[in-house]
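Presented below is the structure to which this report refers.
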Amino acid sequence: MDARVAVIVGSKGRGSNMERLVLAGRAREYPGHVALVVSPSLDAPAVARATELGVPAVYVARGERYGCRLAQALEGMDLVCLAGYMWLLPTEVLRAFPGRVLNIHPALLPRFGGKGMYGHHVHEAVVAAGETVSGCTVHYVTEQYDEGATILQRRYLLAPGETPESLAAAILRLEHEAYPEAVARVLGG
Ligand code: GRF
């Protein structure tokens, strides 16, 4: 099966996870491909990157009837992957894709997740807490931040003197392997 995967990026998204999913989908044995990138802002670097990669990208502005418009844009997709998307996903989308929306989080959930725990905030909190292990989590998306069932986690042992910046870079490298693997698992049943 060559499933159609949509990636929803963040308004300021770099799109590095989106790119990894696109490239993974181009491998012959991979069970899906990224057919659409959706962005809540026109000038997200991720949109430019998607275009360079030859993947259709659409802009769905937040505001009135956002949930319906977003669900409409995603019609025909088999799986939805959030990659850098910062808000709760509208219920219209969750209802249209039951058990078929994934997210990646740059820590080992349920620790260091929830509202406000995104980007550098996560890595700063991990270092400030004196943690020796962090990682990333791919999980199903629900109506709450970072609460759905875990699909896959990758662990990372913090190096002595690790800073939030070095940790962020290390975790992002892990994410780039973990997300395509988790998507393949979900698509492969
Ligand atoms: C990643 O760190 C991911 O865990 C989080 O947002 C970031 C997106 O990065 N949800 P990128 O845009 O994919 O580079």
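Whatever order the structure lists them in is the order used to number ligands and atoms, beginning at 1.
Arg65 CZ: 12 or fewer foreign heavy atoms inside a 6.0 Å radius.
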Would Arg4 and Leu36 count as a side chain to side chain contact (heavy atoms under 4.5 Å, CB included) if you check the C-alpha gap in whole Å, the side-chain angles of each, and the deciding distance to 0.1 Å? CA-CA 8 Å; Arg4 293 165 64 84; Leu36 182 70; over 6 Å; no
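A salt bridge does not link Glu92 to Arg95: none of the charged nitrogens lies less than 4.0 Å from a carboxylate oxygen.
Counting only heavy atoms from C-beta outward, the side chains of Leu74 and Ile8 approach each other to under 4.5 Å.
For ligand 1, the protein residues within 4.0 angstrom (heavy atoms only) are Arg14, Gly15, Ser16, Asn17, Gly84, Ile104, His105, Pro106, Glu175.
Residue Leu172 holds its CG atom at 8.0 Å from NE2 of His123, rounded to the nearest 0.5 Å.
For the pairing with Thr137, the side-chain hydrogen bond (donor to acceptor under 3.5 Å, both in side chains) check across Gln153, Arg111, His105, Glu175 returns one residue only, Gln153.
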